[in-house]
Amino acid sequence: MIYIRFVVGLAALLFAGFLGYKWGASGLEEARAQLAEAARTGEIAKAAQAAAQQRLDEQLKAQALVLEAKLKAQDDAFSVQKQELEASLGRANQRVAALAGQRQGAEKELAQIREQMRGADGGQLEALRQREAQVLALEQKLARQQDGLICLRQQVPDDEVQTLNQVLAALRP
């Protein structure tokens, strides 16, 4: 009878070990499956992140190229405007000199007319007065043009240029 107890106890022990192994192994297999699923999800997320990063990098490069092209176009336009301004200012100096010569000619003519008016009478005096008015108007016109060109050559502070540009921009259609 001792042997029977021993065999039954051994059988119960073996059965209990078998049940423990099955229950423990089933939990282990489930944990392994969850771990594999988590790893697979992580790889999918990493691939999606890499693809999104690559798309963003390409978009940034494209935007940088567009921005660089716009900046180059602005630089080129500015260079053209600067050259035009420098050429205009160079012509302004020549025009100021030419206007000064014209004004001197008008002043000489005005002096001659006034000298002739001293000895003139009647109809000749009236004609000389009309000519004097014409020469005075011409001299004033030349003076305004010369003053405008001289003003054009003057240096202007940057903040004043910005203000002027804002005012001009508001006037444009």
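Using a 4.5 Å cut-off on side-chain heavy atoms (C-beta onward), Gln146 and Arg95 make no contact. A 4.5 Å side-chain heavy-atom check between Gln134 and Arg131 finds at least one atom pair inside the cut-off. Two residues are said to be in side-chain contact when any heavy atoms from C-beta on lie closer than 4.5 Å; Val80 and Asp76 fail this criterion.
Applying the 6.0 Å contact sphere to CZ of Arg103 captures more than 12 heavy atoms from other residues, nucleotides or ligands. Crowding of Glu68 atom CD: a count of heavy atoms from other residues, nucleotides or ligands under 6.0 Å not exceeding 12.
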Next on the checklist: Show, in sequence, the C-alpha distance, side-chain angles and deciding distance for Gln74 and Leu71, and conclude whether the side-chain contact (heavy atoms from CB on, under 4.5 Å) test is met.
Outcome noted: CA-CA 5 Å; Gln74 286 179 348; Leu71 186 60; 4.2 Å; yes

Item to check | Test side-chain contact (heavy atoms from CB on, under 4.5 Å) applied to Glu37 and Arg40, step by step | outcome: CA-CA 5 Å; Glu37 183 64 29; Arg40 197 170 24 256; 2.7 Å; yes

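Leu128 approaches Ile113 most closely through the heavy-atom pair O-CG2, 3.5 Å.
Taking hydrophobic clusters as Ile, Leu, Val, Met, Phe, Trp and Tyr residues chained together by side-chain heavy-atom distances below 4.5 Å, Leu99 does not share a cluster with Leu136. Linking ILVMFWY residues whenever their side-chain heavy atoms come closer than 4.5 Å, directly or via other members, places Leu149 and Leu138 in the same cluster.
Rounding to the nearest 0.5 Å gives a distance of 9.5 Å between CD of Gln102 and NZ of Lys141. Put simply, CG on Leu60 and CG on Leu65 are 11.0 Å apart, with the number rounded to the nearest 0.5 Å. Distance check, rounded to the nearest 0.5 Å: NZ of Lys61 to CG of Asp57 gives 6.0 Å. Separating the CG atom in Asp75 from the NZ atom in Lys70 is a distance of 14.5 Å, to the nearest 0.5 Å. Taking CD1 of Ile44 as the reference point, atom NZ of Lys46 lies at 13.0 Å (rounded to 0.5 Å). Separation of atoms CD (Glu115) and CG (Leu110) is listed at 12.0 Å; rounding is to 0.5 Å.
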